[in-house]
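Just below is one structure, and these are the notes that go with it.
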Amino acid sequence: MSDFDKKEDEKTGTATSRNFIELIIDEDLKTGKYGGRVHTRFPPEPNGYLHIGHAKAICLNFGIAEQYGGLCNLRFDDTNPTKEETEYIESIKEDVRWLGFDWEDRLYFASDYFEQMYGYAADLIKKGKAYVCDLTAEETREYRGTLTEPGKDSPYRNRSIEENLDLFERMRAGEFPDGARVLKAKIDMANPNLNMRDPVMYRILHASHPRTGDEWCIYPMYDWAHGLEDSIERITHSICTLEFEVHRPLYDWFLEQLGVYRPQQIEFARLNMNYTVMSKRKLLELVKEGYVNGWDDPRMPTISGLRRRGYTPESIRNFSDRIGIAKADSVVDIALLEHCLREEQNLRAQRMMAVLHPLKVVIENYPEDKVEEMEAVNNPEDESMGTRTVPFSRELYIEREDFQEEPHKKFYRLAPGREVRLRYGYYIKCEEVIKDENGEVIELRCSYDPETRGGWSPDGRKVKATLHWVSAKHAVKAEVRLYDRLFNEENPLDVEEDENWKSNINPDSLKSLYPCYLEQNLAESKAGDRFQFERLGYFCVDPDSSNERLVFNRSVPLRDTWKKIQAKM
RNA sequence: UGGGGCGUCGUCAAGCGGUAAGACACAGGAUUUUGGAUCCUGCAUUCGGAGGUUCGAAUCCUCCCGCCCCAGCCA
C-alpha cells in the first residue's frame, strides 16, 4: 500500500463494508467449498483497448485475489480470430501492468486450450450431448423460436454418434467452407432460456489466428470455451458482468455434463459513466472514423487515454474502490474520477507557474535590466519537496482572465488602479491600460512596491488577490492542450430516432493553445512528468513533447469557485 | 410477451427484523500568498407503490409499477 493509499484510508476511515462478492467468498471460505482457495481471473478478449470499465474489473479480480491471499490470472479469451489482434494483446498487458497488477507466471490464452476443448467436445458427442448441424445461420435463427414461442428440433439433431464424430473431425480438417456446419449442444429447444436452445459450440472460420495461425479452422464459441478455460485453470470465482447472468445455466451445464471441476460464476454491474461511451465497438468507431486521435487520445475513457491525459494508477484504483461493486445498473458521475486525481495530485504534484492566455505587464518603476530570483514553495502540502527559484523582471505575463477593465463587483483580481499580489513576487498596481486599434487590451502598465518583496507588505495592508505570472524574457514557450468532455450529453446514447449518438460529440473537446508561457524550471520536462500549474490545474507532459516544442496536457482543472460565482451572475 | 436480474439522497453505495453509514455533487461559514488545499455545518422521518405479518419492516409475505439483459455461427 502506498503512502497515499494509507493516508486515504485514515482519512475516510475505510471500514468500507464488504461487497456482495466478498460476502459470497467469505461464505465459501467458511464452508470450505473450494478448499480455502481463492483464484480469480481477468479474461479480456483482445479485440480493442481496455477502458475504465475494464479497470474496475481488473481491480476487482486482482484486488480480491490479493485481499484473500489468492491468485489472479491474466487470460486472453482469444476465440474469435476475425476480431482479435496482437496489438490489442500487447496493449492490454501494458495496461494491466501499469495499473499495478502482476499476473506473475500466469499469463494464459484460451487458444492454448483449443486441443483440450476439442477433446471435450468429442466427449460430449460420445455422450450424445452434442451434434453437427447443417442448418444455415438463418435457419438456425428460425429454428430457435422466439421469446414467447419454443423452438423446434433441427433435422440434424438425431445423427448417430459415429456420423457426428466423423463430421466434427472433418470440420476440423477443413473439408467444409465457413458457415457450412456447426457443432451444437443437444439441450432443449423449448427451454424458456434461449441460451439453452441447442447453442452453437463450434463454428467454421477459415481465419488466421494471432497465436495459432492456420492450425485451426473451427473455433469455440464463448459459452463453450469460457467455462472450460475457468475449469482448466481451477478458477474458484469466475466474476463477469450482468449480461452473462442468463448464460450461467449453460456455463454450469457444460461443466456438469463433462463431469469436470466447476467454478462459481458471479455477475456484477458493469461501469457506466456520464458524458462518455463505454463499449469497445463505439470506441473503435471513434478511433476508426477519426473523431479522436487514436485509442490513447486523452479524451478517451480508455486506460491508455487516461494515462496520456495524466491520470495515475493510484487515482484509478482509488476510483475503483469508491464506486463499489453491486448488481444494480448505474452511471457514475465523471466528477468522481476527476476528484480522485485531484485528491492525489494535490498531495504529490510539484507546483509551477504557467500562463495559458498571456497578457503582458510592464512594471514601469522596476529597473530595466534587473532580475531577481524569487523563492517559491514546491508543494505547500509537502514541505519535504522543498523550494525553487523563479526569476522576476520588469516585463511579465499574467493570465488575461486575471484582469478586468471594468471589474464585476465580486471580481477582486487586477483592475485599473487596483493592487494585487504576484505570487512569490511583489504587490503591483495597475496604472494604465494599453489597447490596440480594435480596443483590445494588449498590455498593462503597472507599478510595484519594492517593500513587498516575496508578497508581504511591512505595513500589513491586505490585497485580496494573488496572481500567478511568468517573467517574459525567461519564459519557455509551450503548447498546452485543454480537454473537455467528449460528449455534450450526460448519456450520449440518448438521441432522437433519426439522430446518431455521434451527433452528441462535443466539437470543442480539444483546444490547443500556443504560445503559452511557462516558468523556465519547466524547460527540461519529459513526457509523463506531472505538475500543478498554480491556480489552473494538473498538467502532464504529452508524448508529442520535445525539447524544441514542449506539449502539455491539462489532466484536470483545479476546483474553480470563481467560475461558479460567474456562472451564477 | 417466456426466462433471468435490478429498484435506498442529484450520482454511486452501506444496510442482512431493532428504528437510514460513507463518498462524490450541491449549499452555507471559517481559514488561506493557489477564489486551490484544509476545517466546520447543512443535505433521505424515509427506502419504486399498495396491502399484510410483527411489539417493531428498507430488511419477511402478497400483489402491482418501472428499468436492464437474452432470439450472433460476438464476447
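So that the names make sense, note that chain A is the first sequence line, chain B the second, and so on, each numbered from 1.
For B:rG17, there is no paired base (Watson-Crick or G-U wobble, both distances below 3.5 Å). Across all strands shown, B:rU38 forms a Watson-Crick or G-U wobble pair with B:rA30, both key distances being under 3.5 Å. Applying the Watson-Crick and G-U wobble criteria (two distances, each under 3.5 Å), B:rA58 pairs with nothing in any strand. Look at B:rC73: it lacks any Watson-Crick or wobble partner with both distances under 3.5 angstrom. Pair check for B:rC12 finds B:rG22; Watson-Crick or G-U wobble, both atom distances under 3.5 Å. For B:rC6, the paired base is B:rG66 (Watson-Crick or G-U wobble, both distances below 3.5 Å).
Side-chain nitrogen and oxygen atoms of A:R141 include none within less than 4.0 Å of the OP1 or OP2 phosphate oxygen of B:rC70. One finds no side-chain N or O of A:H468 lying less than 4.0 angstrom from the OP1 or OP2 phosphate oxygen of B:rU34. Residue A:R197 has no polar side-chain atom (N or O) positioned under 4.0 Å from OP1 or OP2 of B:rC70. Between A:R248 and B:rG4, a side-chain N or O to OP1/OP2 separation shorter than 4.0 Å is absent. The phosphate of B:rU34 (OP1 or OP2) has no side-chain N or O of A:R559 nearer than 4.0 angstrom. Of the side-chain N and O atoms in A:T140, none sit less than 4.0 angstrom from OP1 or OP2 of B:rG72. Taking only side-chain nitrogens and oxygens, A:T561 comes nearer than 4.0 Å to OP1 or OP2 of B:rG36. An OP1 or OP2 oxygen of B:rA27 is reached within less than 4.0 angstrom by a side-chain nitrogen or oxygen of A:K568. Residue A:K464 places none of its side-chain N or O atoms closer than 4.0 Å to OP1 or OP2 of B:rU32.
Nearest nucleotide to the A:R203 side chain, out of B:rA75, B:rA23, B:rC69: B:rA75. In this structure, of B:rA25, B:rC73, B:rC12, it is B:rC73 that holds the atom nearest to the side chain of A:A137. Comparing B:rG3, B:rU34, B:rA71 by their closest approach to the side chain of A:R144 singles out B:rA71. Taking only side-chain atoms of A:H339, from C-beta outward, the nucleotide of B:rA75, B:rC24, B:rU1 with the closest atom is B:rC24. With distances taken from any side-chain atom of A:N195 to the nucleotides B:rC70, B:rC74, B:rU34, the minimum falls on B:rC70.
Using a 4.0 Å cut-off between charged side-chain N and carboxylate O, A:D112 and A:R211 make a salt bridge. Comment: A:D134 engages A:R181 in a salt bridge, judged by a side-chain N to carboxylate O separation of less than 4.0 angstrom.
For NZ of A:K327, the number of neighbouring non-hydrogen atoms (other residues, nucleotides, ligands) closer than 6.0 Å is greater than 12. More than 12 heavy atoms of other residues, nucleotides or ligands sit less than 6.0 Å from atom CD of A:E372. More than 12 heavy-atom neighbours from other residues, nucleotides or ligands sit within 6.0 angstrom of CD on A:E373.
Using a 4.0 Å heavy-atom distance criterion, A:V463 is classed as making no nucleic acid contact. Contacts of A:Y219 with the nucleic acid, taken as non-hydrogen atoms under 4.0 Å apart, are absent. When heavy atoms are screened at a 4.0 angstrom cut-off, A:Q532 is found touching base atoms of the nucleic acid. Across all strands, A:Y412 comes closer than 4.0 Å to base atoms (heavy-atom distances). Within 4.0 Å of A:E245, counting heavy atoms only, lie sugar-phosphate atoms of the nucleic acid but no base atom. Residue-level contact check: A:M196 touches neither bases nor backbone, having no heavy atom under 4.0 Å from any strand. Residue contacts shown for A:L194 include a base, since a base heavy atom lies under 4.0 Å away. The residue A:P199 sits apart from the nucleic acid: no heavy atom pair falls under 4.0 Å. Residue-level contact check: A:I565 touches the bases, meaning some heavy atom is under 4.0 Å from a base atom. Nucleic acid contact for A:T146: base, since at least one base atom lies under 4.0 Å from a heavy atom of the residue. Across all strands shown, A:A326 has heavy atoms under 4.0 Å from sugar-phosphate atoms exclusively, and none from any base. A:P150 comes within contact range of no nucleotide atom at all, as no heavy-atom separation falls under 4.0 Å. Note on A:Y426: nothing from the nucleic acid sits closer than 4.0 angstrom, heavy atoms only. Across all strands shown, A:L23 has heavy atoms under 4.0 Å from base atoms, whether or not it also approaches the sugar-phosphate.
Following rounding to the nearest Å, A:M352 (CE) and B:rG36 (P) show an atom-to-atom distance of 22 Å. Residue A:R535 contributes atom CZ, which lies 15 Å from atom C1' of B:rA37 at whole-angstrom precision. One can place CG of A:L336 at 5 Å from C1' of B:rC24, the figure rounded to the nearest angstrom. The CG-P distance, from A:L147 to B:rC68, rounds to 15 Å in whole Å. The distance between atom CG of A:N491 and atom P of B:rC12, rounded to the nearest whole Å, is 12 Å. In this structure, CD1 of A:I266 is placed 17 Å from C1' of B:rG4, rounded to the nearest angstrom. Computed from coordinates, the A:N346 CG to B:rA37 P distance equals 7 Å when rounded to whole Å. Taking atom CD of A:E267 as the reference point, atom C1' of B:rC68 lies 14 Å away to the nearest angstrom.
B:rG4 shows a glycosidic angle more than 90° from 0 and is accordingly assigned anti.
Mapping A:F20 and A:E534 onto RNA chain B by nearest heavy atom places A:F20 closer to the 5' end of the strand. If you find the closest nucleotide of RNA chain B to A:D223 and to A:L536, the one lying nearer the 5' end belongs to A:L536.
In summary, the aromatic rings of A:Y397 and A:W469 are positioned with their centroids too far apart to meet the 6.0 Å limit.
The two residues A:Y156 and A:Y131 make their nearest non-hydrogen contact at O-CD1, 3.5 Å. Between A:S154 and A:C133, the shortest heavy-atom contact is OG-SG, 3.3 Å.
Taking 3.5 Å as the limit, the base of B:rU38 and the side chain of A:E381 contain no donor-acceptor pair of atoms between them.
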Criterion ring-ring contact (aromatic ring centres under 6.0 Å, His included) on A:Y426 and A:F392, from CA distance to verdict: CA-CA 9 Å; A:Y426 290 95; A:F392 186 91; 5.1 Å; yes

